[in-house]
Structures are given as structure tokens and as C-alpha cells.
Undergrad: 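Okay, here's the structure, questions in a sec.
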Amino acid sequence: MRTADWLASPWRRRVAAAMAGALPVLAFPAPGLWWLAYVALVPWMLLVRTAPTGRRAVCDGWLGGFGFMLAMHHWLLPNLHVFTFVLAGLLGALWAPWAWLVRRFLAGAPSPGRVAAALLVVPSGWLAIELVRSWQGLGGPWGLLGSSQWQVEPALRLASVGGVWLISFLVVAVNAAVTVLVSVRRSRAPALSGLVAAALATSAVWLWSPRPGIRDEVRIAVVQPGVTDGPDNRFAREEALTRRLAGHNLDLIVWGESSVGFDLADRSDLADRIAALARQTDTNILVNVDARRSDRPGIYKSSVLVGPDGPTGDRYDKMRLVPFGEYIPARSLLGWATSVGEAAGEDRRRGTEQVVFDSGNGLRIGPMVCFESAFPDMSRHLAQEGAELLLAQSATSTFQQSWAPEQHASLAALRAAETGRPMAHATLTGVSAVHGPDGERVGSWLGTDESTTAVYEVPLASGTTPYVRFGDWPVHTALLVLLAWGAFDGVRAVRLRRADPPAPAPPARTAHGSPARPAR
């Protein structure tokens, strides 16, 4: 049976679209087939370009987006249950207009000029989707396509120039070119030229983009207690592990997210025990407090620095919260999610600004909490404010046996490469990781089966990357490309309508049915 005949069935086509959309997820951790990203969109694009109508292409895009979002967030199923499918369906709709673009440019036998335009417009449409879904209210930038390349050195160099956005753009452009190569024989020349241009751009960035200048080194320790039962047992385990770090000549000790389950102002005994650890190790300790505050209403997640004399006063309150995990958007409408899964029973409160503070010995750190490490703009802002070391305190114990811990840890490589600043990802239960200023791995990862500490010698860097200096310019360029194409296509459509002469009106007929004679 030919593929076209098999896809003639509407249900088969729908299943094929969803499966094709899910395929790129294999390029991310834990499968980690990073090379697959460069061809993973090809089956989806081949399906869309054969859609008989624009409406069918839009449907293929929606179903493919549904498959992509469901596969990317499948580890939420035990917690959100059926609501996971609802979220995947809503977010999947973002790919509907992208699929329309793919069909618009690649359907049938596109001319070389149309293929060349597709290599700009189709990736620009993908970046527009990634921009929209990066809003934290829609789930944030988890699973941006460029993030799949976190361990590829040339891609990390691209991130230093244009962030993860530039990687996404080039990956989609390569997929579009490969789609043309396998399906449109007469227009292979511009597709090959596009592949060559992508290779040349990557090589140019590799050769000429500025690299961070290593100027110093600090020793930090990550404390990962592993799975424990309750905040008291967790604190006791963290305390015991931290004592082992005495005499290691450290610059900072980092505990994971929610490492302290009580407000330290209310529990002075806990504050005193952490201060005693700071004296014993001769090192300040960055903890994370997840508790109802005594000085203001509500529950906050806060990075708090504790020294030998107790809390230093340096504090960062988490600003971007996990939808449904830490708050429910439009709770009056969607509050029912708490009845079908483990959605937040009470909304956490948000901080108001990012903070860079001195952790001791002159080391300036920029803390983020969990989900915030997915946002390129947050780490970029911390680098602009003078952070020498980026930190993410995280906890993924709810998703311990899924792909989530490794996906989360891999984001530190992107954030480090983008900013030219090393980044530590410290978790309660793994995966904990540290990456240097180029995004390279420093030391070994702490897996989800470990309850231990690890000491890392982390290089500090000077200088400013192009991404920190110029920001999200690939996204802005993509939006300009879409606007320019829209304007061009609109003007062209108007000209075509004007060029077509109106059809002659049929001759008027008399009451007897014969054509009327023209007046003399």
C-alpha cells in the first residue's frame, strides 16, 4: 500500500501527525539522540506539505503540536492526569499556523525561489511559536528545540551569539532543507545552498565569536540529600552531609530547592544549626526556604544566604512560578484541576525582582529557583547585573523516574554558554550538575539514585557574550521576516487581483429569452 493511500484515512493521518510531532522529543534527555533533531521534523513537514487543503494542514499542525507537547511533558501524567492532555491540546494549537506556512511554501512542486524563502520563513514561524509559549503562564520555554543541542560544542558557541533561539532557527532550517531534498527534486539547489549556508554560519561563529576569558577559579559544593520523608528528615540529612565538607576550603555550599521547609525567622533553632555548619565548614551556605513567611502573608520559595552568624539578609524570592505546580492560572475557572491531579492547593507568592549578592570572599552569585533556569532572559539579566556564578536550586523528586531531571539539568549548559558565566544546578534528589562558561561540563553529574555531596572547581570568566549584549535578536529578526513576508504576500495578492480582468457580463435577455439587441 502506498503511503498516500494509507494516509487517505482521516484517522490514520491524525495518528501519523501526532506521532510525527512527538519524534523530536527523542533528541532531548534522557534518550539524548541530539543528532536526530536535524531530521526529526522532516516526517511532520512531509505530511503537512501533502495536505489536500489549508484546513487539513492546520489540523496536521495542531495534532503534531499536541504530540510534541504531550511527549515533552509526559512525565506530568501521574500528577495532572487527564489535564495533561488538555494542556497539550491547547499548546499544540500554536503549531497550526506554522503548518499552514509549511504547506504554503513547500506544497506541490515549489519553485527554487519559493524554497529559498521557505528556509527563512518556516524557521521564523517556529521561533514565533517558541516565543509565545515561552510566556510562563503557558508553561514557559521548556523543550525549546535548540535546547536539545546542549552537549554539542558548536551549538553552544551559537548560543553565546544568539541564545538558544539561534540554535532553534538553524535546526528548523536544516529540517526544511532536508524535506526539500527528499521530496522536491527540481528545487534541490536552494536546499543544498541552505545547508551550506548553515554550515558556514556555524563555522564563522566557531572561528570568530568571542570566548570567555578565564580569570579565576572557585570551589563550590553541592549537597544532594536524595529522597527523604518530610522536611525534618531532609534537613537532618542535609546537615549530616554538609558536616563532611569541613576542611575542603570552599567558597560556597549550595543546597537544593525546598531544602528548608520552615521560615528561618520562625525557626531560629534551624537558623542556628545552619550557622553552626557555616562555622564548621568556614563557608557560607545558600539554602532554599519553602514556607509561609512570618513577615508577610503567603508561601514563598526563597534563596537565603546563611553565614557563621546566621542569615546574612541576602534573599531572593522566586518570581516565575510553575503553572499548576505552584499556582493555578485563573483559579476561579481552572481550580477543578486540584480534583483530578496534584495541582497546587494554594498559590505561591511571587518575588518582585532578581537579586545578585555577595556570597562571601567577593564572589557575586545570581540565584534562580527551579523552573526559572529555563528562561534565557533571567540568566542574561543576572549576567548584566554582575553575577559571576549562576545558580539554580531545584527539586524534581516528584518526577524521579522520568526524563524530567536530566532535561532540567541540561538547561544549565545552555544558560552558561549564553552568558559566558558558569552555572551550578543543585537539586534535592538529582540530577545536580555544574557547567563552565562555555557550557562545558565541570565534574560529574549527581544522578537521581545518589545521596551525597560533590565539590566542583569552577572557572570564572570575564567579558560579555554577544547574546548578553544584544539579547534575543534572532527572535526579533524572525518576527521581522514574518512581517516582511506578510506585507509582500499581501501586496502581491492585490496586484494579481488587479491584473485579472473581470469576467464579461452575460448579455441581457428579453422577455422571450433572446439576447437583447444593442441600442442604435
Side-chain angles (χ1 to χ4, degrees), residues 7 10-28 36-37 40-51 53-104 106 122-148 168 171-172 175-176 179 322-325 328-330 333-334 337 340-341 343 374 402-404 407 478 482:
L7 291 175
W11 282 106
R12 288 175 180 171
R13 187 179 185 95
R14 289 165 188 159
V15 171
M19 292 180 65
L23 185 62
V25 175
L26 297 177
F28 293 79
L36 183 64
L41 298 179
V42 172
W44 191 4
M45 297 173 76
L46 288 173
L47 180 69
V48 169
R49 70 176 293 272
T50 61
T53 64
R55 179 177 294 182
R56 181 69 259 175
V58 165
C59 185
D60 292 341
W62 191 335
L63 290 170
F66 168 79
F68 181 62
M69 287 288 94
L70 184 62
M72 183 60 68
H73 299 92
H74 72 276
W75 37 269
L76 290 173
L77 280 167
N79 301 88
L80 295 183
H81 306 304
V82 68
F83 207 75
T84 309
F85 292 92
V86 176
L87 291 175
L90 292 174
L91 292 174
L94 294 173
W95 276 270
W98 177 78
W100 183 87
L101 279 179
V102 171
R103 182 181 183 275
R104 173 72 173 76
L106 299 183
V122 170
S124 295
W126 186 279
L127 248 61
I129 297 167
E130 294 197 331
L131 174 65
V132 172
R133 76 181 187 90
S134 291
W135 179 47
Q136 67 104 12
L138 291 179
W142 189 281
L144 300 184
L145 191 58
S147 298
S148 65
S168 288
V171 169
V172 178
N175 274 273
T179 300
V322 180
F324 298 96
I328 296 183
L333 295 175
L334 302 177
V340 297
S402 72
W403 296 350
Q407 285 183 15
L482 293 174

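Basis for what follows: all heavy atoms, side chains included, without hydrogens, waters or symmetry-related copies.
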Undergrad: Quick check: closest heavy atoms across Arg49 and Leu106, and the distance to 0.1 Å?
TA: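 Looks like NE-O, 2.8 Å.
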Undergrad: Dump the intermediate steps for side-chain contact (heavy atoms from CB on, under 4.5 Å) on Thr84 and His74, then the final yes or no.
TA: CA-CA 8 Å; Thr84 309; His74 72 276; over 6 Å; no
Undergrad: Which distance, rounded to the nearest 0.5 Å, do you find between the CG of Leu138 and the CG of Leu90?
TA: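 Reported to 0.5 Å precision, the distance equals 9.0 Å.
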Undergrad: Would you confirm whether Asp60, through its side chain, and Ala99, through its main-chain N or O, come within 3.5 Å as a donor-acceptor pair?
TA: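 A pair under 3.5 Å: no.
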Undergrad: Assert yes or no for the condition that the ring centre distance of Trp403 to Phe28 is strictly below 6.0 Å.
TA: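 No, they do not, as the ring centres are separated by 6.0 Å or more.
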Undergrad: Which heavy-atom pair separates Ala57 from Ala51 by the least distance, and what is that distance?
TA: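 Looking at all heavy atoms of both residues, the shortest contact is N-CB, 3.6 Å.
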Undergrad: Under the ring-ring contact (aromatic ring centres under 6.0 Å, His included) rule, what do Trp98 and Trp44 come out as? Steps first, then yes or no, please.
TA: CA-CA 11 Å; Trp98 177 78; Trp44 191 4; 5.1 Å; yes
Undergrad: Which residue in the set Val171, Leu145, Thr179 passes side-chain contact (heavy atoms from CB on, under 4.5 Å) when paired with Leu41?
TA: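 Result: among Val171, Leu145, Thr179, Leu145 is the only option passing the side-chain contact (heavy atoms from CB on, under 4.5 Å) with Leu41.
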Undergrad: Roughly how far, to the nearest 0.5 Å, is CG of Leu127 from OG of Ser134?
TA: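 CG of Leu127 is found 9.0 Å from OG of Ser134.
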Undergrad: Side chains of Leu94 and Trp62: closer than 4.5 Å at any heavy-atom pair?
TA: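 A side-chain contact under 4.5 Å is absent here.
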Undergrad: Could you check whether any side-chain heavy atom of Leu63 comes within less than 4.5 Å of a side-chain heavy atom of Arg13, counting everything from C-beta outward?
TA: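 When only atoms from C-beta onward are counted, Arg13 and Leu63 do not touch, as no gap falls below 4.5 Å.
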Undergrad: Among Val102, Val58, Leu101, which residue satisfies the side-chain contact (heavy atoms from CB on, under 4.5 Å) criterion with Val48?
TA: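 Among Val102, Val58, Leu101, the one meeting side-chain contact (heavy atoms from CB on, under 4.5 Å) with Val48 is Val102.
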Undergrad: Between Arg14 and Trp11, is NZ or CZ placed under 6.0 angstrom from the six-membered ring centre and within 45° of the ring axis?
TA: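 Yes - Arg14 lies over the ring of Trp11, closer than 6.0 Å to its centre and within 45° of its axis.
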Undergrad: Backbone N or O of Met69 within a donor-acceptor pair of the His73 side chain at under 3.5 Å?
TA: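 Yes; judged by distance alone, with no hydrogens or angles, the pair exists.
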Undergrad: What closest approach, in Å, do Pro43 and Ala40 show between heavy atoms, and which atom pair accounts for it?
TA: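 Distance-wise, the nearest heavy atoms are CD-O, 3.5 Å.
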Undergrad: Could you pull out the closest heavy-atom pair between Ala374 and Pro141, with the gap in Å?
TA: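 The pair with the smallest heavy-atom distance is O-CG, 3.0 Å.
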Undergrad: Aromatic ring centroids of Trp142 and Trp75 under 6.0 Å?
TA: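 Between Trp75 and Trp142, which both carry aromatic rings, the centre distance is below 6.0 Å.
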Undergrad: Without swapping roles, check the side chain of Ser147 against the backbone of Gly143 for a donor-acceptor pair under 3.5 Å.
TA: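 No, Ser147 side chain to Gly143 backbone: no donor-acceptor pair under 3.5 Å.
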Undergrad: Looking at Trp126, Phe66, Trp100, which one forms a ring pair (Phe, Tyr, Trp, His ring centres under 6.0 Å) with Trp95?
TA: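 Considering Trp126, Phe66, Trp100, a ring pair (Phe, Tyr, Trp, His ring centres under 6.0 Å) with Trp95 is found only for Trp126.
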Undergrad: Taking all atoms of both residues into account, what is the closest heavy-atom pair of Arg56 and Cys59, and its distance?
TA: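 Where Arg56 meets Cys59 most closely, the heavy atoms are NH2-SG, 2.9 Å.
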Undergrad: Within the 4.5 Å heavy-atom criterion, are Val42 and Leu23 side-chain neighbours or not?
TA: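 They are not in side-chain contact.
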Undergrad: For Leu144 and Ser168, which heavy atoms make the closest approach, and how far apart are they?
TA: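 Where Leu144 meets Ser168 most closely, the heavy atoms are C-OG, 4.3 Å.
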